[in-house]
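Okay, so here's the structure we're looking at.
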Amino acid sequence: MTERVVAIVTGGSAGYGAGIAEVFRDDGIEVYVTGRDRAKLDRTAARLGVRAISADVTSADDWDRVFEQVLDEAGRVDYLINNAGGAIQVAPLDEMDDEAIMAAVMLNLTGVMLGSKRAARVMKAQGTGTIVNIGSIVSVEAWPGWSIYSAAKGGLHQFTKCLYTELRDSGARATLIVPSWGQTDFARTAGLPASSDEVRAVSTKPTELGELVLYCCRLPEHLWLQEAILWPRV
C-alpha cells in the first residue's frame with residue numbers, strides 16, 4: 001500500500017458517515033466527506049479535520065465533480081465508502097408516494113452504482129482499492145412497510161457481490177456491511193418511533209461501525225470479506 005491513503009465517505013455529515021470518517025482520520029487516512037446539506041457537512045468536516053465536498057449521490061454530475069476534485073488534489077482514491085442512504089418513507093406499498101418510491105431506489109441503490117462505477121475505473125487503473133457499501137438488515141429480513149427500502153438494499157446486496165467479481169482480477173475489491181440498529185438519526189428522519197433507551201444503549205455506535213469498515217479496508221489484499229452482518233445483543 002502506498003504511504004498516502006485517500007478515502008471518500010458519502011453521507012458524512014452525521015451518523016455512521018461521520019463515525020467512519022473519524023475512525024479513518026485517526027488511522028492517518030486523508031478523508032473526503034460528501035453530503036447534501038452544505039452547512040451541516042462543513043461543520044462536521046471542521047470538527048473532524050477532514051475535507052468536505054457538497055454533493056448529492058443521486059447525481060451523476062456531482063459524482064464526476066467529486067472524483068475530479070479528489071483526484072486533482074490527492075491523485076488517487078483508495079477507499080470509497082458508500083454510506084449515504086435512508087428509508088425516505090416507511091409504509092405499506094399501496095400507501096406510498098410514487099416520488100418516495102423512486103427517491104428511495106435512487107438514494108440507496110442507483111447512487112451507489114454511480115459512485116462505484118467511477119471508483120472502479122480509478123481502482124482498476126491503480127491495481128488496488130476497496131469499495132465498502134453500507135447496506136441494511138432489511139435486505140435479509142422482512143417487515144411490513146419496508147418493501148421499497150428492503151428491495152433497494154437487497155439490490156445493493158447482490159450488486160456488491162457481482163461488483164467484486166468484476167474487480168478482483170485488477171486487485172481491487174468490494175464488500176458489504178449490513179448493520180441493524182444503530183445510534184443514528186435514521187428513525188427520526190424516516191418518521192419512525194425512537195428505539196427504547198435500552199436498545200439504543202447497545203446499538204452500534206457510528207465509530208464502532210467505522211472500526212469494522214476500516215478492518216475491511218485494511219485486510220491483506222489477497223483476502224476479501226464478502227459481507228458482515230451486525231446485530232445488537234438485545
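One-based numbering along the sequence shown. The structure displayed is predicted, hence computed values, not measured ones.
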Determine whether the side chains of S59 and D61 contain a donor N or O and an acceptor N or O closer than 3.5 Å. no
N-O pairing of D27 and R218 below 4.0 Å: yes
Quick one: are L93 and I101 in side-chain contact, heavy atoms under 4.5 Å? yes
Do E221 and T128 meet the criterion of a side-chain donor-acceptor pair at a distance under 3.5 Å? yes
Would you mind checking if K40 and D42 are paired as a salt bridge, meaning a charged N to carboxylate O distance below 4.0 Å? no
Within a radius of less than 6.0 Å around CD of E68, do more than 12 heavy atoms belonging to other residues, nucleotides or ligands occur? no
Close side-chain approach of P92 to P144, heavy-atom, < 4.5 Å: no
Can you measure from CG (L167) to CG (D169) and round to the nearest 0.5 angstrom? 9.5 Å
In terms of ring plane angle, is the pair W146 and Y149 parallel, tilted or perpendicular, where the classes change at 30° and 60°? tilted
Hydrophobic cluster identity match, M102 and L107, side-chain contacts under 4.5 Å: no
Taking the side chain as everything from C-beta on, heavy atoms only, tell me whether P179 gets closer than 4.5 Å to I134. yes
My understanding is that only one of T160, L163, L156 makes a side-chain contact (heavy atoms from CB on, under 4.5 Å) with S116; could you say which? L163
Using a strict 4.0 Å threshold on nitrogen-to-oxygen distance, state whether R51 and E30 make a salt bridge. yes
Judged by modelled atom types alone, do Y32 and Q69 share a side-chain donor-acceptor pair under 3.5 Å? no
Angle between ring planes, W224 versus Y164, binned at 30° and 60°: parallel, tilted or perpendicular? parallel
Would you check if C217 and F24 make a side-chain contact, meaning some heavy-atom pair closer than 4.5 Å? yes
For T204 and W181, run side chain to side chain contact (heavy atoms under 4.5 Å, CB included): C-alpha distance rounded to whole Å, both residues' side-chain angles, the deciding distance at 0.1 Å, then the answer. CA-CA 6 Å; T204 305; W181 282 260; over 6 Å; no
Minimum-distance pair of heavy atoms, taken over all atoms of A18 and L48: O-CD1, 3.6 Å
Nearest 0.5 Å, please: how far is OG in S147 from CE in M96? 6.5 Å
Could you walk me through whether K161 and L176 pass the side chain to side chain contact (heavy atoms under 4.5 Å, CB included) test, one step at a time? CA-CA 8 Å; K161 290 191 287 185; L176 179 75; over 6 Å; no
Evaluate the side-chain proximity of N133 to F159: yes if any heavy-atom separation is below 4.5 Å, no if none is. yes
When you measure from the side chain of E227 to the backbone N and O of H157, does any donor-acceptor pair fall under 3.5 Å? no
Same cluster or not: are V66 and M113 linked, directly or through other Ile, Leu, Val, Met, Phe, Trp or Tyr residues, by side-chain heavy atoms under 4.5 angstrom apart? yes
CA sep, side-chain torsions, deciding dist, call: V33, T44, side chain to side chain contact (heavy atoms under 4.5 Å, CB included): CA-CA 9 Å; V33 291; T44 300; 5.7 Å; no
Flag yes if more than 12 heavy atoms outside R65 fall under 6.0 Å of its CZ atom; otherwise flag no. yes
Considering only heavy atoms from C-beta outward, does the side chain of S54 approach that of R36 to under 4.5 Å? no
Do you know which of V132, I131, L225, T130 makes side-chain contact (heavy atoms from CB on, under 4.5 Å) with R173? T130
What one should report as the nearest heavy-atom pair of S170 and K124 is OG-CG, 3.7 Å
Stepwise side chain to side chain donor-acceptor pair (under 3.5 Å) test for S13 and D37: CA-CA 8 Å; S13 61; D37 186 332; over 6 Å; no
Answer yes or no: does atom CZ of R121 have more than 12 heavy-atom neighbours from other residues, nucleotides or ligands under 6.0 Å? no
Gap separating the CD1 atom of I81 from the SG atom of C216, nearest 0.5 angstrom: 8.5 Å
When you group the ILVMFWY residues by side-chain heavy-atom contacts below 4.5 Å and let the links chain together, are V6 and V122 in the same group? yes
Atom pair OG1/CG of T34 and N83 - distance to nearest 0.5 Å: 9.0 Å
Less than 4.5 Å apart, side chain to side chain, heavy atoms only: is that true for L230 and L209? yes
Given side chains that start at C-beta, do those of D62 and D64 come closer than 4.5 Å, heavy atoms only? no
Indicate yes or no for a side-chain donor-acceptor contact from R25 to the backbone of V31 under 3.5 Å, with no hydrogens or angles considered. no
V112 pairs by side-chain contact (heavy atoms from CB on, under 4.5 Å) with which of T10, T58, N82, V57? N82
Could you grab the distance from atom NZ of K205 to atom OH of Y16, nearest 0.5 Å is fine? 12.5 Å
Of the non-hydrogen atoms in G145 and V90, which two are nearest, and what is the gap between them? O-CG1, 3.4 Å
What's the shortest heavy-atom distance between A152 and N108, and which atoms? CB-CB, 3.8 Å
Decide yes or no on side chain to side chain contact (heavy atoms under 4.5 Å, CB included) for I8 and V77, but give the supporting numbers first. CA-CA 7 Å; I8 299 170; V77 176; 4.1 Å; yes
Taking every heavy atom of I177 against every heavy atom of V213, the minimum-distance pair comes out as CD1-CG2, 3.5 Å
For S136 and K153, which heavy atoms make the closest approach, and how far apart are they? CB-CG, 3.7 Å
